[in-house]
Amino acid sequence: MDALHNQVFFPSSLPELFSAWTRFPDAVPFAGGAELLRNQGKQVLSLPRNILALEQLDELHRITRTERYLEIGAMVKISEIIRLGKTVPEALTQSLLNIASPQMRNLITIGGNICNPFRRLDAAAPLVALDARFELRTADEIRWVSASRFSTLPGPLALNPQELLTRIRIPLEQWQYSLYKKFSDQYPVDESGGGAVFMARIQKNILTDLRMVFAGQIVLRDKNSETVLVGKQLPLDRRDAVHFSELWKTFLSAVEIPGFMLRAKLFNFVESCILSLSD
Ligand SMILES: Cc1cc2nc3c(=O)[nH]c(=O)nc-3n(C[C@H](O)[C@H](O)[C@H](O)COP(=O)(O)OP(=O)(O)OC[C@H]3O[C@@H](n4cnc5c(N)ncnc54)[C@H](O)[C@@H]3O)c2cc1C
């Protein structure tokens, strides 16, 4: 970091961006800047030596909707997504409303929230639960990665060097029940912080799909327990609900979880969600 020799590039097309990135492989994408400028109280900012400002890349600001998908460019601000209203799956909107303050939501981009190198943030759990996919681009290649593969933790993001997140594609399926729970209001969150989402699809009083995902310092999803209740009539028989909770208890006891409170908080969340669907 050398404040006197910073270079900031403002590419207006992806070929321009990748040409600068090839010349300066250490360059860092700059989206809303909330993370890159965090805790910088000094007069002179400490920034990466080479910065790729993403602001002028029109295609990263695009939002499109088809019958089956909502596609959001990586530079779309959190507040813009919230303003889309009912087009956005409820679980995602709930999680985005939990991000910082309205002022910060006007600054933070969905791409920056997803690509934060230190931990999975509020948008992560619903994007995994909704089976979202991310478009990643390098100078030579475009690839699509599922949110769950992108966000696998512990470990780094599935971003390669000089690779940019450009688009987020979210399936527009109906989830009749969605609940997002944030476990800490602080940022950066402590070890037991993070967010969990519970979603249920119900057709003619039958539970046809169920998702429960946690994201924080780790990402947790137990596909095994999700399937056991599919096809059951609502309200759920209490024994089925208890069985689901027990499966989660076993799952949680088998994984290493940071923060001594997190296991208990997660279990309480799972139990209260599933009991709310039972008689
Ligand atoms: C005061 C404060 C409160 C916060 N509260 C919350 C909260 O409640 N919930 C929450 O979820 N988050 C919260 N955050 C965190 C915020 O969501 C992250 O800091 C997020 O990374 C910022 O997004 P940004 O658009 O400003 O990205 P930037 O700061 O510009 O970038 C963040 C990182 O992502 C990389 N990046 C950005 N865009 C791309 C892209 N398209 N492709 C590849 N890499 C990219 C950058 O290189 C950088 O490493 C808070 C942050 C602050 C400062």
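Every number for a ligand or one of its atoms is a count from 1 in the order of the listing. These numbers come from a predicted model, not from an experiment.
Using a cutoff of 4.0 Å between basic side-chain nitrogens and carboxylate oxygens, Lys182 and Asp122 are scored as salt-bridged. With respect to Glu59 and Arg62, no salt bridge is recorded, no charged nitrogen being found less than 4.0 Å from a carboxylate O. Contact check on Lys249 versus Glu271 returns no salt bridge, with no Lys/Arg side-chain nitrogen under 4.0 Å from an Asp/Glu carboxylate oxygen.
Within ligand 1, the atoms closer than 4.0 Å to a non-hydrogen atom of Ala31 are 25 (O), 27 (O), 30 (O), 37 (C), 38 (N), numbered from 1 in the order shown. Interface of Ala74 with ligand 1, defined as ligand atoms under 4.0 Å from a residue heavy atom, comprises 41 (N). Listed by atom number, the atoms of ligand 1 under 4.0 Å from Arg38 heavy atoms are 53 (C). Atoms of ligand 1 lying under 4.0 Å from any heavy atom of Asn98, numbered from 1 in the order shown and given with element: 8 (O). Of all atoms in ligand 1, numbered sequentially from 1 with element shown, those under 4.0 Å from a heavy atom of Gly32 are 24 (P), 25 (O), 26 (O), 27 (O), 30 (O). Within ligand 1, counting atoms from 1 as listed, the ones closer than 4.0 Å to a heavy atom of Met104 are 1 (C), 2 (C), 52 (C), 53 (C). Under a 4.0 Å criterion applied to the non-hydrogen atoms of Gly33, ligand 1 contributes the atoms 24 (P), 26 (O), 27 (O), 28 (P), 29 (O), 30 (O). Close approach of ligand 1 to Leu36 is summarised as follows: ligand atoms under 4.0 Å from at least one heavy atom of the residue are 29 (O), 30 (O).
In this structure, the side chains of Ile218 and Glu256 stay at 4.5 Å or more apart for every pair of heavy atoms.
Counting heavy atoms closer than 4.0 Å to ligand 1, residue Lys182 contributes side-chain atoms (C-beta onward) but none from N, CA, C or O.
In this structure, Leu54 is part of the shell of residues with a heavy atom less than 4.0 angstrom from ligand 1.
In the hydrophobic cluster analysis, where Ile, Leu, Val, Met, Phe, Trp and Tyr join through side-chain heavy atoms closer than 4.5 angstrom, Leu17 is grouped apart from Val76.
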